[in-house]
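Reminder, nothing fancy here: chain letters follow the sequence lines and each chain counts from 1.
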2 protein chains.
Amino acid sequence: MKIKDIAKLAGVSPATVSRVMNKNGYVKAEKREAVEKVIREVGYRPNEIAKSLKNKRSNIIGVIVPKISTETASRVLEGITQIAKERNYQLLISNTNLQIEEEINALEFLSNKLVDGIIISATEVTDQHLAVARQLTVPLVVIGQRMAGFTSILYSNNHAVHDLVDHLVQAGHKKIGFIGVDPKDKEVGQVRKQAYMDALNHHQLPYKEELVAIGDFSIESGYQQMASILKKQRPTAVLAVTDHLAIGAIQCIKDNGLSVPADISVTGLGDVKLAKYLSPPLTTVHYYFKTSGQLAASELFNQIDQLNMENKEIYVDYELRIRASVKKIERNS
Amino acid sequence: MKIKDIAKLAGVSPATVSRVMNKNGYVKAEKREAVEKVIREVGYRPNEIAKSLKNKRSNIIGVIVPKISTETASRVLEGITQIAKERNYQLLISNTNLQIEEEINALEFLSNKLVDGIIISATEVTDQHLAVARQLTVPLVVIGQRMAGFTSILYSNNHAVHDLVDHLVQAGHKKIGFIGVDPKDKEVGQVRKQAYMDALNHHQLPYKEELVAIGDFSIESGYQQMASILKKQRPTAVLAVTDHLAIGAIQCIKDNGLSVPADISVTGLGDVKLAKYLSPPLTTVHYYFKTSGQLAASELFNQIDQLNMENKEIYVDYELRIRASVKKIERNS
DNA sequence: TTGTATGCGTTATCAT
DNA sequence: ATGATAACGCATACAA
């Protein structure tokens, strides 16, 4: 069923049908009703592809996520879909499984007029990313990383880690371990580690190589890195840069016959939904991932509508969530 | 940049450029190279919308999910994306936020030739769903619910619950409570409840209204329903139809000064990623959600390729995960 | 082996 | 107020 068929059935021209469908232009009430009747009867729905070609607008935004099966990604997506729905937009999603090359491919593919704008939630920003991004003919918003020349939605990694360290120090901790991730991820790998070092320094605590371990984003990695730290020295507290790492670390501590927080306190970052249902409930930083998705989408639409083309760096709020995985220790350690 | 421009720059006709891009038809090596060179130099990418209109194929599949921010949904999506990627397909995702009306809308919208096929992960199948589904001009695969006339990917809810009850009975439990969800969700609300009743019956245990409570899918609901059961009678074990309900129930039990599993054993269904990191680790049923996504996508592609148009009901595997949240009790209760 | 011309389904311009 | 028609960018039948 195409517009022509409807026109024939209703005894009008295709142009009139189009006018009825889009509620613009003049059309006599009588004809309008005739057309509407036919449309209802045959259940006609316009071909969105043809509309997009003609309108040069697909009403679709592309979203590139590193791993869709993570809680972070799905919360961000929820925020994006919410704003998109208000604007009558659909989401085309590319799951890149943490493969850089896939990210580049997705970026290129989506740029072919298929989408009106792109949101990328990146773990790493390479020169290649930049090169491809600069070629884009549609607006791009980045979540989670800084990308020169594009608006970015950022998490306050520096402040959040400082708050966490402050909290630990106030609880009397002086030997604070750290479990991080690869520095290729600039925001999570570098910024959070640097913040940890700065915070130690700020409290006049020494930075000790033996208390630091670098893993990936898995729970298992948290376990392994904790094990490697315990082999060298025993901290009284550990700051893990994600909740999953913290959860793995806690498991490892327990398996070593130690207790959290009695022997070792642990903190994470992110506040996964189950963080407060763990035993002990995990002290962490709540990030408003859904909000970041909403912000990214709003900014993107501003650019699509050419309302505001300047590139911003927007920091999304966070909140320290103090729970039982951190314990005060005696003042004479 | 369109195909015409490339043609001009390379000194050939648009048709030749098209042939080069799609690697079909004959074209002299020399011209091919010239065209490829221009394409590389200007970074030409074809307009996917125009291709779709011409080819009557968008290489996009639509996916409708009830709530994208759930672990279940994201694991299913991961499976779908994986298969889709192999076929060079993109995903257009509609997040319906558990709103029936949204589901219908999405179904209608996606059917407009925009996508080559649709996968819907439904919580409820109404007559309206059926009516719209029957009008579709593209294939449809359903995940998680039975839908007459369409192929469905189903979870073995009946068997899984039986296994769970068997496990509890073998551990000596006779007063087994139940926390379920609204029967509108046929598979989770009805089938799982019926299986619970059948299993009790099979073990010659009485069904007691006071031990049963119905909530929604949230952790909080698990908490509330557990509280309502405890007010009436105290079971020795509780079967919750999702892990989240189980987690809420455990929290409630703890808050009432009781212990899991010493006082009350608890089981869930689904095996969320953190289930084994809870205290106590949660006994549950592992569902292969990612696999179900893969199966759904494979079946959909079979239908898109018209390889196999028969409607199947495919059950995806499950596995009982016995952990510490269930405790053997003395034989003289 | 290559080019020309037509059509995919819609919207919008221009007459009428 | 309405209808005829060109154009969106691409692929392909047909001609050459």
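- Residue N22(B) places at least one side-chain N or O under 4.0 Å from the OP1 or OP2 atom of dA11(D).
- Distance I3(A) CD1 to dG3(D) P: 13 Å, rounded to the nearest Å.
- In summary, the side chains of Y44(A) and D5(A) do not present any donor paired with an acceptor at a separation below 3.5 Å, with no hydrogens or angles considered.
- Across all non-hydrogen atoms, the minimal contact from L140(B) to A133(B) is CD2-CB, 3.7 Å.
- Between the C1' atom of dC8(D) and the NZ atom of K4(B) lies a distance of 11 Å, rounded to the nearest Å.
- Atom-to-atom, CD of E48(A) to P of dC8(C) comes out at 19 Å; the value is rounded to the nearest Å.
- In this structure, N59(A) places its CG atom 12 Å from P of dT11(C), rounding to the nearest Å.
- Side-chain atoms of K54(A) stay outside donor-acceptor range of the base of dT10(C), with no qualifying N/O pair under 3.5 Å.
- Between Y155(B) and Y287(B), the angle of the ring planes lies from 30° to 60°, which puts this pair in the tilted group.
- Between the side chains of Q90(B) and S94(A), a donor-acceptor pair is found at a separation under 3.5 Å.
- Residue contacts shown for L53(B) include a base, since a base heavy atom lies under 4.0 Å away.
- Rounded to a whole Å, the CD1 atom of I49(A) is 16 Å from the C1' atom of dG7(C).
- Salt bridge absent: K37(B) and E33(B) never bring a charged side-chain N and a carboxylate O closer than 4.0 Å.
- Here the nucleotide nearest the side chain of N24(A), chosen from dC10(D), dA12(C), dG3(C), is dA12(C).
- Contact annotation: Y26(A) does not reach the phosphate of dG3(D) (side-chain N/O to OP1 or OP2, under 4.0 Å).
- For a distance-only test at 3.5 Å, the side chain of K31(A) fails to qualify as a donor-acceptor partner of the base of dA1(D).
- In terms of position on DNA chain C, the residue among T16(B) and R19(A) whose nearest nucleotide sits closer to the 5' end is T16(B).
- Comparing atom distances between the K51(A) side chain and each of dT11(C), dC10(D), dA11(D) picks out dT11(C) as nearest.
- OP1 or OP2 of dA11(D) has not a single side-chain nitrogen or oxygen of K56(B) nearer than 4.0 Å.
- Atom pair K28(A):NZ and dT2(D):C1' shows a separation of 9 Å (rounding to whole Å applied).
- Summarising the geometry, the separation between CG on L114(B) and C1' on dC8(C) is reported as 15 Å, rounded to the nearest angstrom.
- Take the nearest nucleotide of DNA chain C for A50(B) and for V27(B): the residue whose nucleotide is more 5' is V27(B).
- You'll find that the side chain of S18(B) is closest to dA11(D), out of dG3(D), dA11(D), dG3(C).
- Per the geometry, NZ belonging to K2(A) stands 10 Å off P belonging to dG7(C), to the nearest Å.
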